There are 2 protein chains.
Amino acid sequence: MSLRHAVLGLLAEGSASGYDLMKLFDVSLANTWPATQSQLYGELGKLADAGLVTVAAEGPRGRKEYAITEEGRAELRRWITEVEPSRPHRSDMLLRVFFLSQVPPEQARAYLRAQADLAAERLARLESIRPFVESGTDNLSRNGRIALEYGLRLSRLQQEWATWAADQIK
Amino acid sequence: MSLRHAVLGLLAEGSASGYDLMKLFDVSLANTWPATQSQLYGELGKLADAGLVTVAAEGPRGRKEYAITEEGRAELRRWITEVEPSRPHRSDMLLRVFFLSQVPPEQARAYLRAQADLAAERLARLESIRPFVESGTDNLSRNGRIALEYGLRLSRLQQEWATWAADQIK
DNA sequence: CATTGCATGTAACGCGTTACATGATTAT
DNA sequence: ATAATCATGTAACGCGTTACATGCAATG
């Protein structure tokens, strides 16, 4: 149930329409909590029903600008401080590793080297968005830098691990 | 669609019943691809319908022993070598980081320190299962060690990052 | 004989993905 | 005019979670 809090979190920084949020997701939470247009509109409806957001204004083309309510802010704070992060997170990349004996050693090594390459690409991609995040002065950018640092470290770890793992295949 | 391949992968090492697989998941793939009893039985039915596994034997208490077929092995190999690992993986732990400005700095730091502690616990838990994985000589154990190493490195990364992140909150 | 373990299944619910469907406004 | 952008919604499908439901066999 985190999409709900992702939406609340973005609205806590300022009111926005579903359409605005869609774009905001793409430039901020895309790597952490991706969401589709479909989901967003559905969630906004539910949040409004629950009284956590309200339609603050209506504009042209049926545009609805949503604003977070006090209850919404309270729920967001509660989620941040009281709910503990979950998830035995699934990784199909790692799942394959368990079954690498099913293919010849060269193919197993090739798989791991490919993972190293993919990690390197992700690292490069994250490095490339760094300047944008670095230049922002808003709350989201400031915290986004901390999240980005996680992504950078993770990509490096994956690259190094995959390289190491390839050498383990005898 | 990876549960299907997780099941195929385990059956590739030897025939087993749904009940056996349940326990196997718990001791091998629990941290990489958890599955519930419900899911397992459903998937086995679908795999049998698709001809990727067969009921090799029936035992007492309605026990059905499933065996992987040649098509099943082919599909497993195809998945390992040809399908590229997916997933922009979601993290509610990281999502919270974006919204840390919504709570007072001390609470934000407390959150991150708690994450460091949790990572340390996970690290300890993984270290504790190491001896078991280390002693196994089967394929699953051998590859499991490589997967475990990933988990160990990841936990350390998370601990270090969270500690660093807490210091970033001014 | 009672408990534990073996063993299989179904149903309800929520979330995420993809595709479909529609229409108003602005810019060229 | 026409294309691009703004803007909102619905429907179908699959996967994962939780809870429910049932019953046989071995062990003490």
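Please read these numbers as outputs of a predicted model, since none were measured by experiment.
Through side-chain heavy atoms spaced under 4.5 Å, either directly or across other Ile, Leu, Val, Met, Phe, Trp or Tyr residues, B:Leu126 is tied to B:Leu123, B:Ile129, B:Val133, B:Leu148, B:Leu152.
Counting to the nearest Å, the P atom of D:dA7 and the CG atom of A:Leu21 are 12 Å from each other. Taking atom CG of B:Asp20 as the reference point, atom C1' of C:dC6 lies 10 Å away to the nearest angstrom. Taking atom CG of residue B:Leu40 and atom P of nucleotide C:dT8, one finds them 10 Å apart after rounding to whole Å. One atom, CG of A:Leu47, and another, C1' of D:dG9, lie 16 Å apart when rounded to the nearest Å. Residue A:Arg63 contributes atom CZ, which lies 14 Å from atom P of C:dT25 at whole-angstrom precision. Between the CD atom of B:Glu58 and the P atom of C:dA7 there is a distance of 13 Å, given to the nearest Å. Rounded to whole angstrom, the span from the NZ atom of A:Lys23 across to the P atom of D:dT8 amounts to 10 Å.
Proximity of residues 9-18 of chain B to DNA chain C (heavy atom under 4.0 angstrom from any strand atom) is restricted to B:Ser17, B:Gly18.
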Going 5' to 3' through nucleotides 10-18 of chain C and flagging B where a protein heavy-atom sits under 4.0 Å of the base, S where only the sugar-phosphate is that close, and - otherwise, we get BB---SSBB

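Taking A:Ala114 as the reference, nothing meets the side-chain contact (heavy atoms from CB on, under 4.5 Å) condition, with sequence neighbours excluded. Here A:Arg122 pairs with A:Leu118, A:Ala119, A:Arg125, A:Ser155, A:Gln158 under the side-chain contact (heavy atoms from CB on, under 4.5 Å) rule; sequence neighbours left out. Remark: B:Gln168 engages B:Trp164 in a side chain to side chain donor-acceptor pair (under 3.5 Å) (not counting sequence neighbours). Partners of B:Gln37 according to the side chain to side chain donor-acceptor pair (under 3.5 Å) rule, which considers only residues two or more places apart in sequence or in another chain, do not exist here. Residues meeting the side-chain contact (heavy atoms from CB on, under 4.5 Å) test with B:Ser91, sequence neighbours left out: B:Met93, B:Leu94. Residues that satisfy the side chain to side chain donor-acceptor pair (under 3.5 Å) test with B:Glu75, not counting sequence neighbours, are B:His5, B:Arg78.
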Side-chain polar contacts of residues 102-109 of chain B - donor-acceptor pairs under 3.5 angstrom, sequence neighbours left out - could you list them?
from	atom 1	to	atom 2	distance (Å)
B:Gln102	NE2	A:Glu13	OE2	3.0
B:Arg109	NH1	B:Ile169	O	2.8

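Sorted by first and then second residue, the pairs that involve residues 93-150 of chain B and meet ring-ring contact (aromatic ring centres under 6.0 Å, His included), not counting sequence neighbours, are A:Trp161-B:Tyr150.
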Between the protein and nucleotides 22-27 of chain D, which nitrogen or oxygen pairs come in under 3.5 angstrom?
none

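We find that B:Arg4 and B:Glu43 are joined by a salt bridge, their nearest charged nitrogen and carboxylate oxygen being less than 4.0 Å apart.
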